[in-house]
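Every chain is numbered from 1 and lettered A, B, ... according to where its sequence line falls, protein lines coming before strand lines.
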Amino acid sequence: MVHHTMRFSEFGLTTLKEVPADAEIVSHKLMLRAGLIRRLASGLFTWMPLGLRVLRKVEAVVREEMDRAGALELLMPAVQPAELWQESGRWDKYGPLLLRMTDRHDRDYCFGPTHEEVITDVARRELRSYKQLPVNFYQIQTKFRDEIRPRFGVMRSREFIMKDAYSFDLDQSGLEASYARMHTAYTAIFERLGLKFRVVDADSGEIGGSRSQEFHVLADSGEDAIAYSDEDNYASNIETAATSPDGIETAPPTADMEKIPTPGVKTIEALSQFLNVTAEQTLKTLIVEGTDGPVALVLRGDHELNAVKAQKIAGVASPLTMASPESVVKATGCGPGFVGPVGLEIPVFYDHATIGMSDSVCGGNEKDMHYTGVNFGRDIETPETVDLRNVMAGDRTPGGRGTLSIARGIEVGHIFQLGTKYSEAMDATVQNPDGRNQVMSMGCYGIGITRIVGAAIEQNHDDAGIIWPAPLAPFDVVLVPINMHRSDDVKAAAEALYTELKEKGYEVLLDDRNARPGVMFADAELIGIPHRLVISDRGLAAGELEYRHRSDAESRNLKREEALKLL
RNA sequence: CGGGGCGUAGCGCAGCCUGGUAGCGCACCACAAUGGGGUUGUGGGGGUCGGAAGUUCGAAUCUUCUCGCCCCGACCA
């Protein structure tokens, strides 16, 4: 990296005391206040000089570790022809997230939200023989996804920078090796960046494929919930964290089933209040679209439906769609709020946990009516159960050896074993040792470069501002000369130190503004430079510099040499 | 896409109800004082009040349409 001026007065940096009202989370506010980014339009940001320096740091670490893992950097076009997407079948399936456009010849294109199609096209043209495998191509590039609701600054923007890598192997076992190499590289990357993170099992979603894991930076503001257990090393995105039917037993009935009036009681909360029972004693029945008319999903009242699990069940429509109030009435004879499984004529799917319930309360399939004392084996035939709910803190792990905790995370990396989904659709083959054409096995591996910057701030800040982990800091050290514009001694000392540190290879920001000390201190803390050196007449007289690390509570007066040793 | 809200100077906001010279704070420019935690004073520059149409002698203000943005939800990697 070539470093030009590092004088505050020439750096074009404006910090803000007030933030635009739409900034919701800490990282967004601080990035705006510290002048890292400026908003252009919804989900579009300009990276200002200070922010760009941080971005480049992230890229550098990612690039180094990818290279070390043997991946090859290339750069694909951001704009992609529709034909490739039609070939893979995603032109129609990807939906409104795909930004489409037309050129002057009326040909269709999209701005790439990801590059499976393009890389598969590259691979089928370039790769002929199994001897060329394995290969892993990567790029660091701008993507665009037309998010329904961009928010949280760079955490969920529409345009963003991503490192995406794609591996090609002859077969599944090769793919597994490539995947393992990326797992190792990713772990190294996030460790080097100084972030607290966790690797979790994940749903492979739209991209398709089998095995997939996500790398999450832990932060309370994270959009994802992750379930983990330290006892048995289990960790999964809550979307895929499985619940088990094991060990659930049904207590015998102690009450008769009774239909009672419950006027206006439509929610589980209202129901438990009205009847003075806990939510655990109620059955929640949701009507969703099925592949052949509406179906019912039944959960314990305090449990949450997991959409990802539900839409994978045969008979349930994917994506999961709640039935309209009209079709609920048609299917059950009553409106939402009073639906229950007793005597329902449509297919019903029960969550595992429901089987452990007895003397339950559920909707009466009649307006303003509920059943109490409902029991399996007597009022409802004991059903086969399925996994429909989100796990909760305190649940057993699937292995049964641990207890789950729930944390929030920001997804910054995702690795997939795609298998042959794209290579088969696009006929990407090589000759195998037998001289036959064989479809290659692919993996894909993404890292949200821009998102990492936001995630790092979510995890590292205080009331005064950002606290950069050293590898991400835009500068190593900030020089704060007191009264530099009145004291020739301070000015000379500051300039000398600036030059000396630069020559030693430090990235040093000299605050040469004619500003009051308080302003300089506040800005230095806001932008989060790890090391601060204060130069003053007072200190000079004693041959001292004042040193403070951004995360220290107090500053220290040290001999010049001592202070420089701390950098 | 459904529900709610907001568009007035670069940013944060008041003014609108009850029509009559467009305001405040921050930021910016100048001068002065101050000089180790966002200091103070004085002076200044900057706004077709999102846009269009209408009502009116007169519209930031009332009416209609329209565009943009934000929040909640649905959706989505």
Paired with [N]: which nucleotide, if any, by Watson-Crick or G-U wobble criteria at under 3.5 Å for both distances?
N	result
B:C31	B:G41
B:G73	B:C1
B:G47	none
B:G7	B:C67
B:C17	none

Between [M] and [N] - [atom1] atom distance, rounded Å:
N	M	atom1	value
B:G54	B:A59	C1'	11 Å
B:U34	B:G41	C1'	11 Å
B:G58	B:G47	P	26 Å

Regarding [X], tell me which of base, sugar-phosphate or nothing describes its non-hydrogen contacts under 4.0 Å with the strands shown.
X	result
A:Glu24	sugar-phosphate
A:Glu223	nothing
A:Asp146	nothing

Just how far, in rounded Å, is [atom2] of [N] from [atom1] of [X]?
X	N	atom1	atom2	result
A:Lys29	B:G12	NZ	C1'	13 Å
A:Leu13	B:A27	CG	C1'	13 Å
A:Gln311	B:A74	CD	C1'	13 Å
A:Glu18	B:G10	CD	P	15 Å
A:Ile37	B:G10	CD1	P	20 Å
A:Arg451	B:C76	CZ	P	16 Å
A:Lys93	B:C76	NZ	P	13 Å

Aromatic ring proximity, centroids under 6.0 angstrom, A:Phe215 and A:Tyr445 =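 Ring centres of A:Phe215 and A:Tyr445 not closer than 6.0 Å.
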
Strictly by modelled atom types, are [X] and [Y] linked by a side-chain donor-acceptor pair under 3.5 Å?
X	Y	value
A:Asn306	A:Glu239	no
A:Thr114	A:Glu116	yes
A:Asp523	A:Thr15	yes
A:His115	A:Tyr166	no

ask   = When you measure from the centre of the six-membered ring of A:Tyr547, is the NZ or CZ of A:Arg556 under 6.0 Å away and within 45° of the axis?
value =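 Here A:Arg556 fails the 6.0 Å and 45° test against A:Tyr547.
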
request  = Select from A:Asp224 and A:Gly43 the residue whose nearest nucleotide in RNA chain B is closer to the 5' end of that strand.
outcome  =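 Of the two residues, A:Gly43 wins.
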
message = When you measure only distances, ignoring hydrogens and angles, does the side chain of A:Arg39 come within 3.5 Å of the base of B:C69 through a donor and an acceptor?
response =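 There is none.
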
query = Pick from A:Val508, A:Leu533, A:Leu510: which one makes a side-chain contact (heavy atoms from CB on, under 4.5 Å) with A:Leu497?
reply =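 For A:Leu497, the side-chain contact (heavy atoms from CB on, under 4.5 Å) test succeeds with only one of A:Val508, A:Leu533, A:Leu510, which is A:Leu533.
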
message = On the nucleotide B:G68, are OP1 or OP2 found under 4.0 Å from the side-chain N or O atoms that A:Ser42 carries?
response =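 Checking B:G68 against A:Ser42, no side-chain N or O comes under 4.0 Å of OP1 or OP2.
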
task = Measure across A:Ala225 and A:Asn237 and return the closest heavy-atom pair with its distance rounded to 0.1 Å.
result =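 Reported closest heavy-atom pair: O-OD1, 3.5 Å.
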
B/S/- contact track for nucleotides 33-45 of chain B, protein heavy atom under 4.0 Å = -BBBBBB------

